[in-house]
Amino acid sequence: MENIVAAIIFAILVGAGTLGVTSLGFFAFHRNPENVDAQQRERLEYAFFGLFGIVIMLMMWYAL
């Protein structure tokens with residue numbers, strides 16, 4: 001119980017890293033041939049959330 005803060009930070013690090021890498025994977029492989037405009041919007045969202053997740057992961061790594 002003495003390192004509960006470190007455990008919480010580590011859980012956030014793992015969660016943000018997983019979501020960030022997964023979102024970047026969706027950015028790279030997402031295709032919507034029916035609507036190209038919707039595809040571009042979705043890929044922009046995936047890129048934003050992917051980079052945001054990686055930044056949060058790096059900040060939590062630094063906090064440890």
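Count residues from 1 along the sequence.
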Worksheet item: How many angstroms lie between CZ in F26 and CG in L19, if you round to the nearest 0.5 Å?
Response: 10.5 Å
Practice prompt. Give a yes or no on whether W61 and L51 share a hydrophobic cluster (residues Ile, Leu, Val, Met, Phe, Trp, Tyr; joining criterion: side-chain heavy atoms under 4.5 Å apart).
Written response: no
Discussion item. Check for me, please, whether I4 and I12 land in the same ILVMFWY cluster - side-chain distances under 4.5 Å, paths through other members count.
Written reply: yes
Practice prompt. Answer yes if I56 and L58 sit in the same cluster of Ile, Leu, Val, Met, Phe, Trp and Tyr residues linked by side chain heavy atoms under 4.5 Å apart, and no otherwise.
Written response: yes
Worksheet entry | Beyond-backbone contact of L24 with I54, side-chain heavy atoms, under 4.5 angstrom | yes
Fill in: Hydrophobic cluster identity match, I8 and F10, side-chain contacts under 4.5 Å
yes
Worksheet item: Strictly under 6.0 Å, is that where the ring centroids of F27 and Y46 end up?
Response: no
Worksheet item: Would you say the side chain of M60 lies within less than 4.5 Å of the side chain of L64, judging by non-hydrogen atoms?
Response: no
Item to complete: Find the distance between OG (S23) and CZ (F52) and round it off to the nearest 0.5 Å.
Response: 11.5 Å
Practice prompt. Taking all heavy atoms of M57 and all of L13, pick out the closest pair and write down the distance.
Written response: CG-O, 3.6 Å
Item to complete: Please assess E42 against H30 for the test side chain to side chain donor-acceptor pair (under 3.5 Å), listing each intermediate value before the final yes or no.
Response: CA-CA 8 Å; E42 292 166 355; H30 178 67; 2.4 Å; yes
